[in-house]
Number of protein chains: 2
Amino acid sequence: MNMATETATKESSATRGAYLKLREMILTGEIEPGFKLKIEQLRRLLELGSSPVREALSLLTSDKLVERIDQRGFRAAPVSKENFEEILMLRCTLEDMALRASIANADAPWEERLILKHYHMNKARGHDVAVFEAAHKAFHMALLDQSGLPMLEGYCSQLYDLNIRYRYLAAGGESYQKRSIETEHQEIMNAAIGKNTDSACELLLSHYRRTGEYLSSQMDT
Amino acid sequence: MNMATETATKESSATRGAYLKLREMILTGEIEPGFKLKIEQLRRLLELGSSPVREALSLLTSDKLVERIDQRGFRAAPVSKENFEEILMLRCTLEDMALRASIANADAPWEERLILKHYHMNKARGHDVAVFEAAHKAFHMALLDQSGLPMLEGYCSQLYDLNIRYRYLAAGGESYQKRSIETEHQEIMNAAIGKNTDSACELLLSHYRRTGEYLSSQMDT
DNA sequence: CCCTCCAAAAATATCGATATTATTTGACAT
DNA sequence: ATGTCAAATAATATCGATATTTTTGGAGGG
């Protein structure tokens, strides 16, 4: 059992373990959209009592990864093209706002954090997909984390995850390496550190929109 | 036991009942910000087992009304001026977006829905605060509900509730009737139905900002 | 042949008890 | 006095069993 894919199991509380494990499974598509999440079934899979399972599922509803229908249990959140496009749109609006605020509040520690996350992301390139994805997200969130707007950052993080889910669903996680994503990241970071607010935002948004269009085209069902 | 204040108790599931009751108590300030929410205590208050209590608290964390610290229980979400101002800012951005989309998709049923909610809100004026607040929220949400963007509407609804909480905290729920809020609502609705997008949005945002400034000034502690 | 209704099965929701973990209290040593 | 550690206390987290509700499947009537 390797630490990379099994990020979940041996955490502090059973609830948290279940939460992380199920979250991973839904994000990566191992649990399919709309799939009925029966307590008994998950209880056995996770080797836990029903309480932590139930609570983990409740937490996942916050993240919009699980839907709860009162008296009728839980299911993995469904997906749709409309949903994907709404996520993309919201992401663009909210990350734009957050990045502008971050740059406005820029300071040396933030720049250093950014440099490090960028370095770690590139270092993780060859490794396990899950490891790279974690570093990739950490880099993107580091761009926003000087905004001084914690709720906004929370929304961005949530939307980021929902987006990544569509990426996994569209191509088993291995899709978007075609473009030179590496250069794009470098350019975004340079613009951000150089306080070229408008150009940093433009680069970031077109970075998202390009992958968005690609996925959207793949989704015509 | 009247239906107005006790919106909670006799609902379908125990969890849902507990959720609604606790939500009401936190929104109105009956449970103070930062207050430790002990399971045993709530179990007795709501006359329920620990599972539904726990689950209700988990659901409230989605709404950002409760904070959960792993292994250390739950507490009512804290408040701060920064938090209030972030909520106001996000609300303005997101409701602007949603209202524009709604007006763009306007159709006859939407306009009729709006007229009705507005009528109900005015009819509820004299009644119990909780009844009026519900109608008030329903009106504001009706403005947005033609956007075709369910997640955005969800965020708006959440932010609306968080904002209302600050209103209750600042003045026991009875604060903002000073201005002629009635006229403001009428004007917003007229502009929306008349498809005067820019002016509808301006009216809506200044409606929010005005109450926002008032509350913000009350909060200097 | 299809619809309705009832009984059986399955799943959810809830409970109360127990195990685990955090917090407090007070004794002891510095 | 003060800080540290350990036992006692209190709270959370978890479990397994039971009650409630929904879903399924099939018999009987239209």
Side-chain angles (χ1 to χ4, degrees), chain A residues 6-26 30-78, chain B residues 6-26 30-78:
Chain A
E6 294 284 345
T7 331
T9 33
K10 52 196 164 191
E11 282 292 331
S12 39
S13 69
T15 298
R16 183 154 181 77
Y19 169 74
L20 291 172
K21 175 79 176 168
L22 290 173
R23 177 194 174 81
E24 188 79 8
M25 291 177 81
I26 295 173
E30 190 176 342
I31 292 175
E32 283 177 27
F35 188 80
K36 183 75 200 293
L37 299 162
K38 295 178 198 159
I39 305 294
E40 180 60 22
Q41 185 183 332
L42 299 178
R43 216 192 58 66
R44 254 182 300 232
L45 169 69
L46 301 165
E47 296 172 297
L48 285 172
S50 43
S51 316
V53 169
R54 210 146 224 298
E55 216 164 311
L57 290 171
S58 287
L59 292 174
L60 286 165
T61 59
S62 322
D63 302 343
K64 315 230 186 249
L65 290 171
V66 164
E67 260 187 6
R68 180 201 173 106
I69 307 154
D70 207 62
Q71 223 80 353
R72 205 159 301 179
F74 301 86
R75 58 182 57 241
Chain B
E6 292 286 345
T7 330
T9 34
K10 52 198 161 189
E11 282 293 332
S12 39
S13 69
T15 297
R16 183 153 182 78
Y19 169 74
L20 291 173
K21 175 78 178 169
L22 290 174
R23 179 193 173 81
E24 187 79 8
M25 290 177 81
I26 295 173
E30 190 175 344
I31 292 175
E32 284 178 26
F35 189 80
K36 182 76 201 293
L37 298 162
K38 293 177 198 162
I39 304 295
E40 180 61 22
Q41 185 183 334
L42 298 178
R43 215 192 59 64
R44 253 182 298 230
L45 170 68
L46 301 166
E47 294 171 296
L48 286 171
S50 42
S51 316
V53 169
R54 209 145 226 298
E55 215 163 311
L57 290 171
S58 287
L59 292 174
L60 286 165
T61 59
S62 322
D63 303 342
K64 314 229 186 248
L65 289 172
V66 164
E67 259 187 8
R68 181 202 172 106
I69 308 153
D70 207 62
Q71 224 79 354
R72 205 158 303 180
F74 301 86
R75 58 183 55 242

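Basis for what follows: all heavy atoms, side chains included, without hydrogens, waters or symmetry-related copies.
One can place CD of E55(A) at 10 Å from C1' of dT14(D), the figure rounded to the nearest angstrom. Atom pair K38(A):NZ and dT22(D):P shows a separation of 17 Å (rounding to whole Å applied). Rounding to whole angstrom units, CD of residue E40(B) and P of dT18(C) are separated by 15 Å. Taking atom CG on D70(B) and atom C1' on dT12(D), their separation rounds to 10 Å, with Å as the unit. Rounded to whole Å, the distance from CD1 on I69(B) to P on dA11(D) is 16 Å. For the pair R44(B) CZ and dC15(C) P, the computed distance is 15 Å after rounding to whole Å. Rounded to whole angstrom, the span from the CZ atom of R75(A) across to the C1' atom of dT22(D) amounts to 13 Å. Following rounding to the nearest Å, R16(A) (CZ) and dT12(D) (C1') show an atom-to-atom distance of 16 Å.
The closest side-chain heavy-atom distance from L57(A) to L42(A) is below 4.5 Å.
Nearest nucleotide to the S50(B) side chain, out of dT14(D), dT21(D), dT21(C): dT14(D). Among the nucleotides dT22(D), dC15(D), dT12(D), the one closest to any side-chain atom of P52(A) is dC15(D). Comparing dA11(C), dC15(D), dT12(D) by their nearest atom to the side chain of K36(A) picks out dA11(C).
Residue R72(A) places at least one side-chain N or O under 4.0 Å from the OP1 or OP2 atom of dT23(D). Dashed line: the shortest gap from a side-chain N or O of S13(B) to OP1 or OP2 of dT12(C) is not under 4.0 Å.
A 6.0 Å sphere centred on CD of Q71(B) holds more than 12 heavy atoms belonging to other residues, nucleotides or ligands.
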Test log, rule side-chain contact (heavy atoms from CB on, under 4.5 Å), inputs L45(A) and M25(A) = CA-CA 12 Å; L45(A) 169 69; M25(A) 291 177 81; 4.1 Å; yes
Could you give me the CA-CA distance, side-chain angles and deciding distance for L48(A) and K21(A), then say whether side-chain contact (heavy atoms from CB on, under 4.5 Å) is met?
-> CA-CA 12 Å; L48(A) 285 172; K21(A) 175 79 176 168; over 6 Å; no
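Comparing I39(B) and S51(A) by the nucleotide of DNA chain D whose heavy atom lies nearest to each, the residue mapping closer to the 5' end is I39(B).
Nucleic acid contact class of L37(A) (heavy atoms, under 4.0 Å, all strands): sugar-phosphate only.
Nearest approach of F74(A) to S58(A), heavy atoms of both residues: CE2-N, 4.1 Å.
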